[in-house]
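For reference, the structure is listed below as structure tokens.
Values below: every heavy atom of this structure, side chains too, minus hydrogens, waters and symmetry copies. Computed from a predicted structure; not experimentally measured. Reminder, nothing fancy here: chain letters follow the sequence lines and each chain counts from 1.
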2 protein chains.
Amino acid sequence: MSHTKSQRVTQRTIAELAGVSQATVSLVLNGKADSTSRIPEATRRRVLDAIAETTYVADPAARSLAGVGNDLVGIFTYEPAFPQETSDFYAPLLMGIETTAESLGVDLLMFTSAPIVDGRRQLFHEKNRLRLADGCLLLGQKMDTGELNRLVDSGYPFVAIGRRDDPAGRIPYVGVDYANATSTLAELALARGHTRFYSLHVPTDAESTRDRQSGLVRVLDEARVELTSATTDGSDLEAAWRAIRKAQPTVLIVEDATHAHRLVDIAVADGVDVPNDLSIVVLGERTRPSERGLDFTRLAAPRPQLGSNAITLLHQIMNGSSDAVEPLPHRQLLECVIIEGATLGAPRIGSNL
Amino acid sequence: MSHTKSQRVTQRTIAELAGVSQATVSLVLNGKADSTSRIPEATRRRVLDAIAETTYVADPAARSLAGVGNDLVGIFTYEPAFPQETSDFYAPLLMGIETTAESLGVDLLMFTSAPIVDGRRQLFHEKNRLRLADGCLLLGQKMDTGELNRLVDSGYPFVAIGRRDDPAGRIPYVGVDYANATSTLAELALARGHTRFYSLHVPTDAESTRDRQSGLVRVLDEARVELTSATTDGSDLEAAWRAIRKAQPTVLIVEDATHAHRLVDIAVADGVDVPNDLSIVVLGERTRPSERGLDFTRLAAPRPQLGSNAITLLHQIMNGSSDAVEPLPHRQLLECVIIEGATLGAPRIGSNL
DNA sequence: AAAGCACGGTAATACGCATTAGCAGTTGCC
DNA sequence: GGCAACTGCTAATGCGTATTACCGTGCTTT
């Protein structure tokens with residue numbers, strides 16, 4: 001727009017400077033030394049010198065059109081990534097992604113232009129721009145399987161972060177083994193002697209939520225131990241707390257970390273001591289140190305590694321697995337770390353609950 | 001690579017489906033209703049229907065090549081943006097950028113592939129990829145003026161975040177008026193009766209550091225009040241503290257927030273009460289609630305707005321100021337908020353310092 | 001009836017790059 | 001000396017889109 005036509009430095013410009021053809025410039029730049037077209041050192045030098053004199057960089061759009069990659073990895077987040085509330089969730093992922101992107105030599109393209117409907121970005125829309133990138137990482141708690149399948153059909157390389165239900169096994173993802181981790185936590189609680197479990201989870205039917213529930217249920221069923229389940233979106237935790245008191249569990253399993261924090265406040269105000277009267281275990285993300293200095297017993301997803309693995313896998317999918325390296329599995333579940341905090345005690349007889 | 005040729009849905013595909021030419025499809029999609037080429041509703045419908053049947057999306061690379069911008073805004077951060085230490089600094093900026101990018105309808109390209117030397121990303125290097133984006137935002141505490149001027153010369157649209165020294169006035173930036181804010185803080189301290197100032201700042205000669213110093217010096221000079229200055233990179237705050245004790249100031253002005261936190265710990269261990277024995281004022285970024293629950297009197301840059309203004313300005317520079325809107329100034333300084341915390345008291349005679 | 005005209009649409013081209021076929025000049029070989 | 005093989009390079013083409021120049025067709029006007 002602002003540039004006059006002549007401003008832009010293209011391969012043709014370089015070619016004229018070096019006294020060769022545009023094709024030669026391209027060949028030099030791409031280091032093609034096929035038997036079909038060799039270029040002697042002298043010519044190569046002239047071209048490279050000409051490039052050095054100018055500020056030439058290949059137009060990525062043109063490269064892309066011409067069918068070669070651009071080393072551009074897209075990042076699609078279903079919610080804005082940087083506001084305080086979501087940043088705790090995305091930042092560790094992005095950190096892993098960024099670090100690995102650096103070593104892979106790729107740039108990151110964030111699709112912030114996607115229109116937002118009902119608080120979620122729309123993957124497919126009029127001016128879908130996914131193709132700007134060579135491949136794409138999909139981040140978000142919940143994704144539409146239909147959309148993902150459509151993406152698979154299009155042949156566009158992508159990797160989802162988080163396990164995805166997909167019987168056909170066509171959706172590549174890197175997820176967290178929440179089921180297993182939750183089972184371990186439940187066994188821990190059982191070992192401490194807990195007998196009455198209460199699970200408070202979020203109302204979405206995202207895979208991550210279901211996995212946690214199934215992990216919990218599996219262990220408790222096996223042990224023939226009682227489990228009460230309830231959901232809350234966090235809007236009325238007072239009510240949730242009243243329901244909990246009524247059920248009189250010995251241990252409370254809370255999916256969402258912020259819910260857990262607020263519940264403890266309510267519980268303490270209600271004269272209940274944690275963990276002496278009631279143990280609490282947290283299954284959630286977004287855990288930052290409690291105001292109260294409470295160190296929850298919880299599970300912690302290895303999110304930087306999640307991001308790192310995802311972009312590594314995507315990179316492999318994009319560039320075709322070089323036969324040198326062992327191909328990565330297209331569906332990965334990472335182990336979740338269990339953090340032994342201070343909120344899982346032994347059940348107390350005659351608890352104040 | 002993996003795609004067979006026929007897979008890809010292009011305008012030609014649509015054209016065949018609708019029984020028109022590729023050109024017509026393009027015209028329909030871009031709503032060109034020039035007198036030179038009108039298209040009746042009937043045809044338009046057929047084309048749109050055909051598009052609806054397929055999963056067609058315009059190839060952004062092709063559009064870009066064809067001369068329409070691709071609404072890509074680059075973000076160059078001199079350090080990795082997401083690790084914990086830097087994230088506190090970048091996240092608020094990115095939040096403002098993201099939000100505004102959304103409403104401007106542009107995508108964000110993060111240049112993570114730039115090689116790192118001495119812990120800082122290199123703006124210019126072999127495979128400089130800035131041109132991938134239509135324009136670029138530059139984030140970082142310190143930037144090389146030479147590099148920035150080279151960027152100006154290239155005609156590439158960019159906006160720096162943070163004030164930049166540049167007598168020629170060619171570098172567009174959106175910065176924070178640290179000088180003024182620091183002056184205000186100093187006046188506040190003077191008004192409370194402080195007579196001995198001690199400034200502890202970071203060793204860089206970044207504009208932001210200098211601005212704070214100059215704002216401080218201006219007010220104190222005017223008031224003919226004593227000021228001791230020292231620098232620290234935070235590696236030996238014990239030594240810094242010993243120097244402070246020796247100087248016996250009534251108020252301590254600390255540039256870096258994390259230094260301030262750690263200094264308070266040292267001071268308290270040393271039997272000094274804040275703010276009764278010693279007042280502290282913080283000029284720095286990256287302030288998160290203290291472990292100790294200490295609420296520093298400090299200044300807080302409006303970082304989300306910084307980001308927002310920067311991308312708005314860049315967008316205007318990229319697209320040429322539409323004559324409809326008032327053109328934005330290419331060099332902006334935003335007012336800094338002063339937060340009246342609990343660490344600036346009145347000086348105490350016979351302080352324990 | 002010839003000329004003008006609006007309409008509806010298409011062919012052709014440019015954008016910058018990668019890639020292939022192939023051309024002219026040189027060298028190698030028997 | 002004749003032919004093949006090789007060397008060093010270029011012309012031509014395609015990628016998918018936007019845009020311009022232009023061409024039929026049927027209708028109106030004189």
Side-chain angles (χ1 to χ4, degrees), chain A residues 1 3-16 18-47 51 54-71 127-132 134, chain B residues 1 3-16 18-47 51 54-71 127 129 131-132 134:
Chain A
M1 315 286 171
H3 317 263
T4 9
K5 170 78 62 53
S6 57
Q7 295 281 32
R8 186 135 184 60
V9 178
T10 75
Q11 286 189 354
R12 170 137 23 247
T13 319
I14 304 294
E16 284 163 9
V20 294
S21 74
Q22 174 267 323
T24 304
V25 176
S26 174
L27 291 176
V28 169
L29 263 89
N30 296 288
K32 294 289 175 183
D34 303 61
S35 53
T36 151
S37 53
R38 279 179 44 78
I39 33 191
E41 193 53 26
T43 312
R44 156 180 295 268
R45 273 255 147 271
R46 262 186 303 141
V47 171
I51 291 177
T54 67
T55 60
Y56 173 81
V57 268
D59 181 339
R63 282 178 63 89
S64 177
L65 235 208
V68 305
N70 268 326
D71 289 334
K127 300 258 170 191
N128 176 296
R129 292 157 56 78
L130 282 190
R131 287 214 107 85
L132 264 179
D134 301 332
Chain B
M1 331 268 174
H3 321 259
T4 11
K5 172 77 63 54
S6 57
Q7 296 282 30
R8 185 138 181 58
V9 179
T10 75
Q11 286 188 353
R12 171 136 25 249
T13 320
I14 305 294
E16 283 162 11
V20 293
S21 74
Q22 174 266 325
T24 304
V25 176
S26 174
L27 290 175
V28 169
L29 268 109
N30 296 288
K32 295 289 175 182
D34 303 62
S35 53
T36 151
S37 54
R38 279 179 45 78
I39 32 191
E41 193 54 26
T43 313
R44 157 180 295 269
R45 274 254 145 273
R46 262 186 304 142
V47 172
I51 291 177
T54 67
T55 60
Y56 173 81
V57 275
D59 183 341
R63 303 195 77 211
S64 173
L65 233 209
V68 309
N70 42 17
D71 289 335
K127 300 258 172 196
R129 291 160 52 84
R131 283 225 119 82
L132 271 172
D134 301 329

Phosphate OP1/OP2 of D:dG16 contacted by B:Thr10 side-chain N/O (<4.0 Å): no
Touch class at under 4.0 angstrom, heavy-atom based, for A:Val20 against every strand present: sugar-phosphate
Of the listed nucleotides C:dT19, D:dG8, D:dG16, the one nearest the side chain of B:Ala66: D:dG16
Nearest-nucleotide pick for A:Thr24, side chain only, options being D:dT10, D:dC9, D:dG16: D:dT10
Sugar-phosphate, base or nothing in reach of A:Ala58, heavy atoms under 4.0 Å: sugar-phosphate
Rounded interatomic separation in angstrom, taking CZ from B:Arg8 and C1' from D:dT17: 11 Å
Selected nucleotide, minimal atom distance to B:Arg46 side chain, candidates C:dG9, D:dG16, D:dT10: C:dG9
Identified side chain to side chain contact (heavy atoms under 4.5 Å, CB included) partner of A:Ile14 from the options A:Val9, A:Thr24, A:Val20, A:Leu29: A:Val9
Interatomic distance where CG belongs to B:Leu65 and C1' belongs to C:dC15 [whole Å]: 5 Å
Sugar-phosphate, base or nothing in reach of A:Ser64, heavy atoms under 4.0 Å: nothing
Out of D:dC15, C:dA18, C:dT10, whichever nucleotide has its closest atom nearest the side chain of A:Ser26: C:dA18
Between D:dA18 (P) and B:Asn30 (CG): distance, integer Å: 4 Å
Of the listed nucleotides D:dT19, D:dT17, C:dA18, the one nearest the side chain of A:Gln22: C:dA18
Integer-rounded Å distance: D:dT7 P and A:Arg44 CZ: 16 Å
CZ on A:Arg44 to CG on A:Leu27, rounded to 0.5 Å: 10.0 Å
Residue pair B:Asn30 / B:Arg63, side-chain heavy-atom distance below 4.5 Å: yes
N/O (side chain, A:Arg63) to phosphate O (OP1/OP2, C:dG16) under 4.0 Å: no
Main-chain N/O of B:Ala18 paired with B:Arg46 side-chain donor or acceptor, under 3.5 Å: yes
Overall bend - the helix from C:dA1-D:dT30 to C:dC30-D:dG1, comparing terminal axes fitted on five pairs, nearest 10 degrees: 60°
Rounded distance in Å - CG (A:Asn70) to C1' (C:dG16): 12 Å
OG on A:Ser26 to CZ on A:Arg12, rounded to 0.5 Å: 12.0 Å
Interatomic distance where CG belongs to A:Asp59 and C1' belongs to C:dC15 [whole Å]: 8 Å
Upstream residue (5' side of DNA chain C) when A:Ala23 and A:Ala62 are each assigned their closest nucleotide: A:Ala62
Non-hydrogen side-chain atoms of B:Val28 and B:Val25 separated by less than 4.5 Å: no
Backbone N/O of A:Gly69 and side chain of A:Asp134: donor-acceptor pair under 3.5 Å: no
Verdict with reasoning, B:Asp59 to B:Arg8, per salt bridge (Lys or Arg N to Asp or Glu O under 4.0 Å): CA-CA 10 Å; B:Asp59 183 341; B:Arg8 185 138 181 58; 3.7 Å; yes
Selection from C:dG16, D:dG8, C:dC17 that lies nearest to any side-chain heavy atom of A:Gln11: C:dC17
From C:dT10, D:dT17, C:dG16, nucleotide with atom closest to B:Arg12 side chain: D:dT17
A:Ser21 side chain near D:dC9 phosphate (N/O to OP1/OP2, under 4.0 Å): no
Atom-to-atom span, CG of B:Leu27 to P of D:dT20 - whole angstrom: 10 Å
B:Leu29 CG - D:dT17 C1' separation (whole Å): 10 Å
